[in-house]
Amino acid sequence: MNHLLLRVFLNPYADIFTDDPKNNVSEYIYEKLDKNLHLQTNHPLGILKTVIEEYFSMRFKHKPFTFYDDLTPIVSTQANFDSVLVPPGHVSRSSNDTYYVDDNTVLRCHTSAHQLELLKSGARRFLVTGDVYRRDSIDATHFPVFHQMEGVCVFEPQDWEARQLSSLELANSELKITLEGLVRHLFGEIQMRWVDAYFPFTEPSYELEIFFNGEWLEVLGCGVMQKSILDEASLGNHRAWAFGLGLERLAMILFDIPDIRLFWSTDLRFSKQFKAGMFRAGGVGMQKFSSYSKFPPCYKDVSFWLAKDSTRFTENTLCELVRDVAGNLIEEVKLIDEFYNPKLDQTSNCFRFTYRSMERSLTDDEVNQLQEQVRSRLVDELDVTLR
Ligand code: DAH
C-alpha cells in the first residue's frame, strides 16, 4: 500500500494536505491531529480536564454546563479570527504564526474559535476542550500542539434584575467568583490576583495569576464577552463571560512535569505515573511526577547569513523545520548571537540547538545526522548562507 493510502486509512485528517500555496502543515503536525490526548482518561491532560469539568458540574448543578471535547480542530479563518473580532492584519493571522490548510482554513489556534458557532446553535453555558496549533519557538514550555479549555456562560436580563445589578456587574462578579473557585479547586488555598489584560473578544479582560513557588504565574485569560459577539448570535439583550486556559501549563504546575514534550511520551515510566482519580487539590497527598533520570543533552550551533532579498527565514519557520527533522528529540532552539555587518550589509544569526531524548541517550552519529539535515534544509528552504 502506498504511503498516501495508508495515511488516509489511519488518519481521518489526510485531506489537510492541499496543494494550496498557503498550506504550511508539516507531516509532524499532521501526525498529532488524531491523538486527542485530552480524551485519554489516564493521561495528565485527561485527568485535569475531568477535574475541571467536575468543578463546573458541582458549581452549576442547577443550570448545567455542556462539555464539548470532540469538535474538529480544522476551522475556517472566519471562526478562528473574525468571529472573535481578531482585527485584519493581526500577527496571529500570519502564516508565520498559524497553520493554514488553505487560504480560508486553519488548524485552530485557540478554542475561542468555537464560541460563536456554539452560541448560534443555542448553547448558553459550555466548556470546550481541544487541541490547538501554533507555530512558535522551541523550549521546555512551548510545543506547536497544545490543549486549551474554553468556558462561556450567558446571562439573561432576569438574572441581573433579580440581583439589582447592571448586566456588566453581574457578568464581572460571576466571572471572578467562578474562576477563583476553580483555582481553589485545583490549587487549594493559594494567593491569587487579577491583572488587567487585553483580548479582542472581551471587555474588560483579565488574567488570573497565582503565587506559586515564590513567583506569580498566569493561569488563565478571561473577560466579559464583547457585545457584538452576542449580537451576532442574536443574543443582543444578554451578557456573558468567557475564559480560556492552557491545560499543559496547568498540568506542568500541578503534577510537576518539567518538559512539555513528556505529554506526548508513550514511555511507561511516564504514563504509568498517572491514573484517573489521582488528582488532589493543591497536590496535597498526591503523588507528583517523579522524573526518571534525565539523559544527556547534545548542543549544536549553526551560524549563517540571512539573505538580503528574501523573507523566507523566520525563527518560527526555522523551528518548524527542526521539528520536522528531529521530532521530539529537539528540546530547545535559541538565538545566541546576532550582528549586522555594515560592509556586507548582511545580518548573521547564530542558533544553538539542544538535542535530548526524554527516553534514552542519543548517539553522536544520530545527532550529527539530524544536524546535517537541518543545515542542508536551512540552505535549500530558508535562503540562508552557512558561515
Ligand atoms: N483565546 C485566548 C488565547 O488563546 C484565551 C482566552 C482569553 C479565551 C480570554 C477567552 C477569553 O475566552 O475570554 O490566548
Side-chain angles (χ1 to χ4, degrees), residues 38 45 49 52 56 65-69 71 73 75-87 90-94 97-99 106-120 123-137 141-155 168 170-180 182-183 194-210 217-230 232-233 235 238-250 260:
H38 59 289
L45 299 179
K49 164 181 180 281
I52 296 174
F56 278 87
F65 266 58
T66 307
F67 305 144
Y68 299 89
D69 57 19
L71 302 177
V75 302
S76 63
T77 50
Q78 151 71 30
N80 198 68
F81 300 119
D82 305 279
S83 82
V84 279
L85 315 174
V86 175
H90 189 270
V91 282
S92 67
R93 290 182 183 254
S94 75
D97 285 35
T98 292
Y99 292 101
V106 295
L107 305 186
R108 66 183 164 210
C109 71
H110 54 180
T111 43
S112 307
H114 299 288
Q115 283 190 6
L116 182 61
E117 67 176 277
L118 288 171
L119 289 171
K120 280 186 172 170
R124 296 292 175 264
R125 280 172 293 279
F126 56 86
L127 296 182
V128 179
T129 309
D131 39 335
V132 300
Y133 296 78
R134 290 187 198 171
R135 295 176 99 241
D136 210 335
S137 48
T141 59
H142 289 89
F143 199 77
V145 190
F146 58 104
H147 298 76
Q148 282 189 332
M149 196 174 234
E150 187 89 9
V152 169
C153 182
V154 178
F155 300 96
L168 180 63
L170 177 81
N172 210 41
S173 73
E174 282 299 308
L175 167 70
K176 290 188 170 177
I177 290 169
T178 303
L179 295 176
E180 286 171 11
L182 172 63
V183 166
W194 290 97
V195 178
D196 289 332
Y198 170 79
F199 302 105
F201 28 91
T202 46
E203 175 64 37
S205 306
Y206 312 99
E207 281 168 356
L208 182 51
E209 296 186 343
I210 56 168
L217 300 177
E218 178 223 318
V219 289
L220 56 83
C222 64
V224 176
M225 190 180 286
Q226 289 282 13
K227 280 207 142 161
S228 62
I229 300 179
L230 289 166
E232 196 58 34
L235 291 168
H238 292 59
R239 272 287 188 178
W241 57 244
F243 75 89
L245 57 81
L247 286 176
E248 275 84 349
R249 186 178 168 76
L250 278 181
I260 196 166

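Atoms within a ligand are numbered from 1 in the order they appear, just like the ligands themselves.
Ligand 1 lies under 4.0 Å from heavy atoms of His110, Ser112, Gln115, Arg134, Gln148, Glu150, Phe199, Phe201, Thr202, Gly221, Cys222, Gly223, Ala242, Phe243, Gly244.
Pairs passing the side-chain hydrogen bond (donor to acceptor under 3.5 Å, both in side chains) check and including a residue from residues 239-250, sequence neighbours excluded, read His147-Glu248, Ser167-Arg239.
There is no side-chain donor-acceptor pair under 3.5 Å between Arg134 and His142.
Taking the six-membered ring for Trp and thresholds of 30 and 60 degrees, Phe201 and His110 have ring planes more than 60 degrees apart, a perpendicular arrangement.
Formation of a donor-acceptor pair under 3.5 Å by the Glu150 side chain with backbone atoms of Ser112 is found in this model. In this structure a side-chain-to-backbone donor-acceptor pair under 3.5 Å is missing from Thr202 to Ser205.
Within the 4.5 Å cutoff, side-chain heavy atoms of Lys120 are placed close to those of Glu232.
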